[in-house]
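These numbers come from the heavy atoms of this one structure, side chains and all, not from hydrogens, waters or symmetry mates.
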Amino acid sequence: MRVLVTGGTGYIGSHTVVELLTAGHEVTIVDNLANSSPIVVDRISAITGSSFDFHSIDVRDEAGLDDVVATAAYDAVLHFAGLKSVAESVERPLEYFDNNVTGTITLCRVLARRGVRTIVFSSSATVYGDPPSLPLTEATPPGAPTNPYGRTKLVIEDILTDLQRADRRWSVILLRYFNPVGAHESGLVGEDPKGTPNNLMPYLAQVAVGKLDRLTIHGDDYATPDGTGVRDYIHVVDLAAGHVAALEKLVGVPGAHVYNLGTGSGTSVRELVAAFETAAGRTIPTVVGPRRPGDVAANWCDASKAAAELGWVATRTTADMCRDMWRWQTQNPDGYET
């Protein structure tokens, strides 16, 4: 298949491009490099031994995007392009709605004009809000997301679902994934946050490598076994494989298809710290701080629908996630600028 990947040099996008190329698909990436590096292009080629097209374009640039889509007969689009920090979205909501929602609308206009009607959307478990019960299934109604980032994801899901209702030829695939962590086993691609990391795993890695002094645990008074937040952490390579499975199964199949992608179990902040200490072979200093606005106490999924319908399951363990993240961090202490 010929696949267009928006945000393909970002953390999840880059790993998915690796899996797509490895599976024999043709790939074109569009990415404005706002939260990634052009070095990723060479790293992907080094891992896969494959060539692909790359265009430095913002998805809100309708004319530029149209020029790219017009150059080939694309079978599908994997849409990753978007801002993703919960904390940052609380501080800068307008920027998040403009980038994430406006970018998706622009992309869909171009795709409709060019006759590309399969889109796999990088959604999030944040659309469930503060869940009344766990685990979360695809039958769990979306709630009230607790932060602007999550609200942009839910708005985009609604836009894509409405688009499919209006034109039944569309195949809309909404992948609600949980907490991606880890890195490719080669250590060549991984998560490279700009400035101080907003997510737990890269923050842990930077403390372990000595770039940051200590980890602040945001709240230890949640109604969880050890008082810290519980999340369903999934290895980014497993997550990338889930996108390929969804694409290969559902390209050209009309409908709005929804899947959770996770491991089906929760890990607390303290448990993840302990696992990372084992992987790194060193102690990670921690301090407890106040809860972070927009966070929920616990979140994990039932991923059995993806197993049954897509033939996909997450196979990598928490130890695998920490080991691969530590390899990436030690080989790239300053990220792609090392």
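- If you check the side chains of Tyr11 and Ser36, you find no donor sitting under 3.5 Å from an acceptor.
- No continuous path of hydrophobic side-chain contacts links Met1 to Leu4 [ILVMFWY only; heavy atoms under 4.5 Å].
- Between the Asn100 side chain and the Thr152 main chain, no donor and acceptor come within less than 3.5 Å of each other.
- Thr283 and Glu277 are not linked by any side-chain donor-acceptor pair at a separation below 3.5 angstrom, with hydrogens and angles left out of the test.
- The pair Arg291-Asp221 meets the salt-bridge criterion, since a charged nitrogen lies less than 4.0 angstrom from a carboxylate oxygen.
- In the hydrophobic clustering of ILVMFWY residues, with side-chain heavy atoms under 4.5 Å counting as a link, Ile159 and Leu174 come out together.
- Using a cut-off of 4.0 Å between Lys/Arg side-chain N and Asp/Glu carboxylate O, Lys305 and Glu138 are scored as not salt-bridged.
- One N or O on the side chain of Thr137 and one on the backbone of Ala139 form a donor-acceptor pair closer than 3.5 Å.
- Put simply, the side chain of Asp61 gets close to the backbone of Gly64: a donor and an acceptor are under 3.5 Å apart.
- Asp42 and Tyr336 share no donor-acceptor pair across their side chains, judged by distance under 3.5 Å alone.
- Salt-bridge check for Arg113 with Glu62: passed, with a basic side-chain N closer than 4.0 Å to an acidic carboxylate O.
- The environment of CZ in Arg214 is sparse: at most 12 heavy-atom neighbours from other residues, nucleotides or ligands sit within 6.0 Å.
- In the model, Tyr259 has a side-chain atom that pairs as donor or acceptor with a side-chain atom of Glu309 under 3.5 Å.
- Salt bridge Arg292/Glu88: absent, no basic N to carboxylate O contact under 4.0 Å.
- Side chain of Thr278 to backbone of Ala274: a donor-acceptor contact under 3.5 angstrom is found.
- Side chains of His235 and Asp324: a donor-acceptor N/O pair is present below 3.5 angstrom, by distance only.
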- Task: Let me see the working for Asp334 and Lys211 under salt bridge (Lys or Arg N to Asp or Glu O under 4.0 Å), right down to the final yes or no.
- Result: CA-CA 9 Å; Asp334 296 314; Lys211 291 190 67 177; 3.3 Å; yes

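- Side chains of Ser268 and Asp226: a donor-acceptor N/O pair is present below 3.5 angstrom, by distance only.
- Under the 3.5 Å distance criterion, the side-chain polar atoms of Arg327 are matched with a main-chain donor or acceptor of Glu185.
- Counting only distance, with no hydrogens or angles, the side chain of Thr118 and the backbone of Gly252 share a donor-acceptor pair below 3.5 Å.
- Residues Leu261 and Val236 fall within the same hydrophobic cluster, defined by Ile, Leu, Val, Met, Phe, Trp and Tyr side chains chained together at heavy-atom separations under 4.5 Å.
- By the 30° and 60° cut-offs, the orientation of the rings of Trp326 relative to Phe276 is perpendicular.
- For Thr6 (side chain) and Ala81 (main-chain N/O), a donor-acceptor pair under 3.5 Å exists by modelled atom type.
- Checking side-chain atoms of Ser171 against main-chain N and O of Val253 turns up a donor-acceptor pair under 3.5 Å.
- Members clustered with Val313: none, using a 4.5 Å side-chain heavy-atom cutoff among hydrophobic residues.
- Using a distance-only test at 3.5 Å, with no hydrogens or angles considered, no donor-acceptor pair links the side chain of Thr102 to the main chain of Asn99.
- Between the side chains of Tyr74 and Arg114, no donor-acceptor pair of N or O atoms lies under 3.5 Å.
- A tilted orientation is assigned to the rings of His15 and His184, their planes being inclined by 30° to 60°.
- Looking only at atom types and distance, the side chain of Arg43 has no donor-acceptor partner in the side chain of Ser14 under 3.5 Å away.
- In this structure, a donor-acceptor pair under 3.5 Å is present between the side chains of Thr104 and His79.
- Judged by distance alone, the side chain of Trp170 and the main-chain N or O of Pro254 form no donor-acceptor pair under 3.5 Å.
- For the residue pair Asp232/Thr263, the side-chain donor-acceptor check at 3.5 Å is satisfied.
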- Query: Between Arg2 and Asp75, is a salt bridge (Lys or Arg N to Asp or Glu O under 4.0 Å) present by the stated rule, with each step listed?
  - Reply: CA-CA 5 Å; Arg2 180 77 181 181; Asp75 297 292; over 6 Å; no

